[in-house]
Amino acid sequence: MRSYAIKYIVVFSLLISVFGCVEPFDIETENLESALVIEATITNEYKKQEIKLSRTYALGDEGPNPESGAQVKVVNLSGDLYQFQEEEPGVYRSSQEFSVENNSSSYQLEVITSDGKTYASEPVKLDASSEIMEMDIVKSTQPINGVEKEGLALTVNSGENDSKFYRYTYQETYEFRSLYRIPFKFILENGVIDTAPKTEEEYLCYVTRDSESIIISSSSNIVNEAVSDFPVRFLSKENPAISYRYSLLVKQYSLSREAYTFYEVLNELSGSESLFSQNQPGFVNGNVFSVDNPNEKVLGYFSVSAVDSHRVFFNFTDFYDRTERPPYPYNCTITRPEYPVLLNAVENDAVSLISQANGGADSEGMGPYRVVPKPCVDCRVFGVNVKPDFWED
């Protein structure tokens, strides 16, 4: 992608982030070139490593644009070769499990796209450790949209590692309970509405979400070179995610100074670490390049990192009274639609049964059943009804 075209996207993105609402204006995007985006971090975890390839896209376009059909491999300069296979559009995972080793020879990424173009990274070594000593959960306040909000801060304390630079990712999982627990459901028989007992769990589900922002820290100016009480996640007291039981899995990745600088600049431009799924904020120099054309712009970074992880659990009532639970995140007004409207809603799986209506018309309506939107009864709209293997009640 040409740097002048990227510049307009950068400016527009920054205006949105700084000022919120701005007057719309046209951006000339017809001549934008598509730049390859490489997200690649291999670690000392013994697992199938993952690399993501995509293409930049202009504001207003549908995205992301996964780069499919590429040949991807990582070469250990000692002679080891690790092939990657595309398992999802643009997502490549190693054919075998492997881990990088501390102080071993360097690793290099090689990519050949479906159109025959070749890309590579600079050789990178793993020369640092990463250890999380503990995580704390403390009551705190933080400004959100200019308003101080009460909530919980989840902080990390690291050991005195070789690394002075870190990147964090997290995966949060929490219980989600429907507003109503109803034992019966609607069924359709020959175009006629009836009810039947439920056979699947719809009240208690589990929602899992990954972090999307860049979270980096440095202990380079700290005497003992340890990170202390670094805030990884803040949860407002009003956040429905903490209504019942909540878990956070944090991963701490060691970074080289160069990788840290890359993420720091990217963070300043866009506030998002996901090169794969976000509109691109602009061109940021990384350590990946085109082998065929030195002038071609390639966005991304190939990292070799040590990683450590830590998981915490807590209940809302560990910190607040149950009467202070966050409000349900959906409008669940009960209505009694008349039969033709109700039939259409049931056919489209848009409503759930509360109870059979008694008597004539009232403030809820005059239909035969009392109903609410499906998200008020069926938690599967938000998550899955199978408890994760790691979950602790």
Side-chain angles (χ1 to χ4, degrees), residues 39 41 43-45 47 50 130-144 149-159 161 163 165-177 204-219 226-255 263 267 271-274 276-278 305-322 324-329 379 382-393:
E39 289 183 275
T41 298
T43 73
N44 61 348
E45 298 172 288
K47 65 175 187 178
E50 183 177 280
S130 179
E131 181 181 10
I132 296 176
M133 299 300 293
E134 64 178 350
M135 288 181 59
D136 295 321
I137 308 167
V138 295
K139 285 187 175 182
S140 178
T141 58
Q142 180 172 308
I144 299 177
K149 294 288 187 178
E150 180 185 352
L152 302 174
L154 287 81
T155 64
V156 168
N157 297 289
S158 75
N161 302 314
S163 178
F165 305 96
Y166 303 99
R167 178 170 68 94
Y168 297 90
T169 63
Y170 64 76
Q171 184 179 79
E172 62 180 359
T173 303
Y174 55 90
E175 286 186 355
F176 187 93
R177 302 184 187 185
L204 174 60
C205 287
Y206 301 86
V207 181
T208 297
R209 292 175 178 166
D210 294 325
S211 56
E212 295 182 348
S213 59
I214 291 177
I215 310 170
I216 52 176
S217 71
S218 169
S219 62
V227 173
S228 178
D229 297 325
F230 178 75
V232 173
R233 181 80 168 107
F234 177 79
L235 295 156
S236 165
K237 182 181 175 182
E238 302 169 358
N239 191 329
I242 65 171
S243 295
Y244 297 97
R245 187 156 177 78
Y246 179 94
S247 177
L248 191 75
L249 173 66
V250 172
K251 289 192 173 185
Q252 174 181 276
Y253 296 84
S254 65
L255 294 178
Y263 284 109
N267 190 36
S272 172
E273 78 174 350
S274 182
F276 182 70
S277 62
Q278 303 294 328
S305 298
V307 62
D308 193 24
S309 62
H310 193 86
R311 181 184 290 279
V312 293
F313 288 87
F314 67 85
N315 297 319
F316 182 84
T317 52
D318 293 338
F319 298 93
Y320 303 107
D321 187 84
R322 66 180 68 249
E324 301 177 89
R325 292 194 201 278
Y328 197 78
C379 64
F382 301 96
V384 297
N385 60 3
V386 178
K387 182 188 297 186
D389 292 338
F390 62 80
W391 193 258
E392 298 176 6
D393 290 319

### Task
Would you tell me whether Trp391 and Asp389 have side-chain atoms, one donor and one acceptor, within less than 3.5 Å of each other?
no
### Query
Cut-off 3.5 Å, side chains only: do Ser130 and Gln252 have a donor facing an acceptor?
yes
### Task
Go through Tyr166 and Ser218 one step at a time and tell me if the side chain to side chain contact (heavy atoms under 4.5 Å, CB included) criterion holds.
CA-CA 6 Å; Tyr166 303 99; Ser218 169; over 6 Å; no
### Message
Distance check, rounded to the nearest 0.5 Å: Leu249 atom CG versus Thr208 atom OG1?
### Response
10.5 Å
### Message
So Ser236 and Ile144, do their side chains get closer than 4.5 Å, heavy atoms only?
### Response
yes
### Query
What distance do Tyr174 atom OH and Leu248 atom CG have between them, rounded to the nearest 0.5 Å?
12.5 Å
### Message
Let's go through Gln171 and Thr169 carefully: what are the C-alpha distance in whole Å and the side-chain angles of both, what is the deciding distance for side chain to side chain contact (heavy atoms under 4.5 Å, CB included) to 0.1 Å, and is it a yes or a no?
### Response
CA-CA 7 Å; Gln171 184 179 79; Thr169 63; over 6 Å; no
#### Entry: Arg177/Glu175 salt bridge by N-O under 4.0 Å criterion
yes
### Summary
Residues Ile132 and Val250: closest non-hydrogen pair is CD1-O, 4.0 Å
### Message
Taking the basic N atoms (NZ, or NE/NH1/NH2) and the acidic carboxylate oxygens, is any pair closer than 4.0 Å for Lys251 and Glu45?
### Response
yes
### Message
Between Ser243 and Phe316, is there a side-chain heavy-atom distance shorter than 4.5 Å?
### Response
no
### pair Asn157-Asp229: side-chain heavy atoms closer than 4.5 Å
yes
### Message
If I compare all heavy atoms of Lys387 with all of Asp393, which pair ends up nearest, and what's the gap?
### Response
NZ-OD2, 2.6 Å
### Task
Decide if atom CZ of Arg209 counts as having more than 12 heavy atoms of other residues, nucleotides or ligands within a radius under 6.0 Å.
no
### Message
Measuring from atom CG of Asn44 to atom OG of Ser254, what distance do you get when rounded to the nearest 0.5 angstrom?
### Response
7.5 Å
#### Entry: Shortest non-hydrogen contact from Pro240 toward Pro327
CG-O, 4.2 Å
### Message
Show, in sequence, the C-alpha distance, side-chain angles and deciding distance for Glu392 and Arg245, and conclude whether the side chain to side chain contact (heavy atoms under 4.5 Å, CB included) test is met.
### Response
CA-CA 9 Å; Glu392 298 176 6; Arg245 187 156 177 78; 4.3 Å; yes
### Glu172 side, atom CD; Leu235 side, atom CG - distance, nearest 0.5 Å
6.5 Å
## Note on the structure
Taking every heavy atom of Ile216 against every heavy atom of Phe230, the minimum-distance pair comes out as O-CZ, 3.3 Å
### Query
Side chains of Arg167 and Ile214: closer than 4.5 Å at any heavy-atom pair?
no
### Query
Are any of the side-chain heavy atoms of Phe314 and Phe319 separated by less than 4.5 Å?
yes
### Query
Are Cys205 and Phe382 close enough that some pair of their side-chain heavy atoms sits under 4.5 Å apart?
no
### Message
Show, in sequence, the C-alpha distance, side-chain angles and deciding distance for Asn385 and Tyr206, and conclude whether the side chain to side chain contact (heavy atoms under 4.5 Å, CB included) test is met.
### Response
CA-CA 6 Å; Asn385 60 3; Tyr206 301 86; over 6 Å; no
#### Entry: Side chains of Leu255 and Tyr263 in contact at under 4.5 Å (non-hydrogen atoms)
yes
### Task
Kindly compute the distance separating CD1 (Ile137) from CG (Leu154), expressed to the nearest 0.5 Å.
5.0 Å
### Query
Taking the six-membered ring of Tyr320 as reference, does the NZ or CZ atom of Arg325 fall below 6.0 Å from its centre and within a 45° cone about the axis?
no
### Message
Distance alone, cut at 3.5 Å: any donor-acceptor contact between the side chains of Thr43 and Ser305?
### Response
no
#### Entry: Closest heavy-atom pair and its distance - Leu204, Cys379
C-SG, 3.5 Å
### Query
What distance do Lys237 atom NZ and Lys149 atom NZ have between them, rounded to the nearest 0.5 Å?
11.5 Å
#### Entry: Exercise: do Arg311 and Ser247 side chains pair donor with acceptor under 3.5 Å
yes
### Task
Would you check if Tyr253 and Phe165 make a side-chain contact, meaning some heavy-atom pair closer than 4.5 Å?
no
### Query
Quick check: does any side chain N or O of Asn315 sit under 3.5 Å from a backbone N or O of Thr317, one acting as donor and the other as acceptor?
no
